[in-house]
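Just so you know, these numbers use all the heavy atoms, side chains as well, and skip hydrogens, waters and symmetry mates.
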Amino acid sequence: MMPSFDARRAGLQTRRSFLRQCAFAPCFAIPLFRGGAVGQPVLTPGPWFVDVAARAGLAAFRDVCGDPAKNYLVETLGSGVALFDYNNDGLLDVLLVNGSSFEMLANPALPRSSSRLYRNNGDGTFTDVTRESGLMNEGWGVGVTVGDYDNDGYRDVFITNFGSNALFHNNGNGTFTNVTHEAGLEGGNWSTGCAWGDYDRDGRLDLYVARYVDFEKEQMPTPGTNTYCTYRGVPVACGPRGLPGLADLFYHNEGNGSFREVSMDTGVRDTIRGYGLGVVWLDYDNDGWPDIFVANDSMPNYLWHNQRNGTFEEVAMEAGCALSADGRAQSNMGVAVGDYDNDGWLDLFVTHFSEDYNTLYHNERGQFEDVTYEAGLGTVSYTQLAWGTGFFDFDNDGWKEIFVANGHIYPQADQAGNHYWQQNQLFRNLRNGRFSLVPAEESGFTQARSSRGAAFGDLRGRGQMDIVVNNIDSQPFLYEFSRAASGRWVRFRLVGTTCNRDAIGARVLVTAGGQTQMDEVRSAGSFVSSSDVRLHFGLADAPAVDKVQIRWPDGSVEEHVGLGTNREYTIRQGEKL
């Protein structure tokens, strides 16, 4: 049984008292040991992960993103990555979104950049099948979300662009068709994060699209022009502060291959025109209906609460996840969702600009509290500029860790006392509400790049989670788990019948070894990226799964008992295993 809210929080200090004690004690140095008062795990010598992008066949890809000098904001943002099974062969494939340049967009005679689809060969290598698949996004690509919007059994791809967005319908024979115009999803100007979800529970996936800056190159100020065009006294690309924002877009799936923009009808009115980046759907208040969190750069975040009548109310300020604990609007970029303390409520982790902390919002029965410093995460990333992120159980011990992809937006950061290329980070869950940074030589994240989007999934089918990271102007990382797993695991592929086929929005509770874990099926998250839709749970040394409870997106609930470990289950809604 999970501990009650009051019992779990009884021993925690307030943030103020915690910081006061830190002035006199090394609060962030936590010894790792097993069998101690809090039972933290021991880290054995690493590395836990090894970058195998070259060996796997992904090293030929380069995320093109404007001029190397990055004199304009649109050249600094980078792109996302998606992990999904496009041909239904049971193996996760890799889609790397690619950017472009002003020169390419202005001159049709120049070779075009394109997002690249890599087919998983099942032996640790991948083959570029972009051209034959037809999944060629030649715009200035930013974000990606994957979902079966027409419930035909094959997953479709939506890509946001600086320019017109793109929807690629999966034809079920290894090819895709660009159906953006027919679907009515062109959007415009500069779209970023995007995610599928069924807000009205009608069995069809709807789409939220965040937008960033109303960008017209000819009207943009140049580096060093004003306060928003310098970094530590060095001239850099201007913005986003001081530039006009764009309202987000919200589309209802009409069920005939087309979508209708319904932001005004549903109450999703982006009246302040926030600089939207990360987007994720989650049921934050456990009422069975999907809500939407949007990470807004340099502005308060949005939390769109689903009112269960086809409309939403923006409640981020009231719910405690709009600002930092000291009331600041941070440079919100990527977002992770997960129940890191296994209390049955989904928490949020939001990544930010350098010279600030990434924020951990603990969900306390539908109310969020900034617990970053209490969790030991307040100072360890101060110089990093963070993007892609995720909660994931890398060692299968039943507790979710945090991954963060880092990289500055300004190449000029090296002249200003920081670094453009930065190392990515892994934070170990200490199982007591706190995290500890895993040293780079143990995590394996020793190479520095300017990383952006990150996605998570088991690429080898071994029960161990891997990470793919898109690096701006460079080849990607493919972090493969490099040793035997330290715990048992179970994974679920859910197939909806009366709800959307991908079961996006379904909630799964797994009870094993005296502990209950929870997660939801999501179509996107991190920073403008889309991870494996299957749900993976580490089980430590539990010999079996005692019970699995599934709450499907349409509200129906079913249970399965006595399942084995170290295997994947496909569960079809309403059918027995």
Side-chain angles (χ1 to χ4, degrees), residues 41 43-44 46-53 56 58 80-85 90-95 120 122 124 126 146 334 336-340 342 349 388-405 424-429 431 435 438 442-445 451 453-470 476-494 508 510 512 517-527 529-540 542 545 565-569:
L43 281 180
T44 56
W48 287 93
F49 293 89
V50 174
D51 176 26
V52 297
L58 302 182
V81 54
L83 304 183
F84 72 111
D85 182 6
L91 300 171
L92 280 181
D93 309 297
V94 178
L95 174 65
N120 191 332
F126 295 80
V146 181
V337 175
D339 181 12
Y340 73 87
N342 292 332
F349 182 78
T389 185
F391 288 108
F392 78 118
D393 185 0
F394 80 92
D395 57 355
N396 288 334
D397 69 347
W399 297 82
K400 295 177 177 63
E401 276 71 43
I402 300 174
F403 171 83
V404 180
N424 297 326
Q425 294 175 308
L426 178 65
F427 295 93
R428 188 70 180 262
N429 191 327
R431 310 176 193 173
F435 292 83
V438 179
E442 294 182 6
S443 67
F445 305 152
S451 297
F456 307 83
D458 181 1
L459 295 171
R460 299 288 296 274
R462 303 172 301 166
Q464 298 157 346
M465 298 295 282
D466 307 303
I467 313 169
V468 179
V469 181
N470 207 343
F477 290 134
L478 196 173
Y479 294 127
E480 182 180 274
F481 197 87
S482 63
R483 61 171 86 176
S486 58
R488 297 174 183 268
W489 58 276
V490 68
R491 184 163 52 239
F492 299 99
R493 175 177 174 262
L494 304 185
V508 176
V510 174
Q517 302 176 58
M518 179 266 288
D519 205 353
E520 290 182 345
V521 180
R522 285 178 289 275
S523 68
S526 181
F527 174 72
S529 295
S530 184
S531 295
D532 186 7
V533 75
R534 299 172 299 177
L535 295 183
H536 178 101
F537 296 88
L539 302 175
V545 177
T565 64
N566 293 344
R567 60 169 295 185
E568 176 181 320
Y569 292 89

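- Ring pair Y340/F435: centre-to-centre distance below 6.0 Å.
- Taking NZ of K400 as the reference point, atom CZ of F537 lies at 6.0 Å (rounded to 0.5 Å).
- When atom types are taken as modelled, the side chain of R462 and the backbone of F481 share a donor-acceptor pair closer than 3.5 angstrom.
- Across D93, D532, L95, a single residue satisfies side-chain contact (heavy atoms from CB on, under 4.5 Å) together with F84, and that is L95.
- Side chains of R428 and F394 form a contact here, defined as non-hydrogen atoms less than 4.5 Å apart.
- The main-chain N or O of V490 is never found under 3.5 Å from a side-chain atom of T565 such that the two would form a donor-acceptor pair.
- Between the side chain of N120 and the backbone N or O of F126 there is no donor-acceptor pair closer than 3.5 Å.
- S451 places no side-chain N or O within 3.5 Å of a backbone atom of G388 that could act as its donor or acceptor partner.
- The backbone N or O of V337 lies less than 3.5 Å from a partner atom in the side chain of R522, making a donor-acceptor pair.
- Within the 4.5 Å cutoff, no side-chain heavy atoms of L426 are placed close to those of E442.
- Here the side chain of E480 pairs no donor or acceptor atom with the backbone of V50 at under 3.5 angstrom.
- Between the OG atom in S443 and the CZ atom in F427 there is a gap of 10.0 Å [rounded to 0.5 Å].
- If you check the side chains of H536 and N396, you find a donor sitting under 3.5 Å from an acceptor.
- Between F403 and F445, the angle of the ring planes goes over 60°, which puts this pair in the perpendicular group of the 30/60° scheme.
- For R460, the CZ atom sits in a packed shell: over 12 heavy atoms of surrounding residues, nucleotides or ligands are nearer than 6.0 Å.
- The two residues Q464 and R483 have their closest heavy-atom pair at NE2-O, 3.2 Å.
- Side chains of L535 and V510 form no contact here, defined as non-hydrogen atoms less than 4.5 Å apart.
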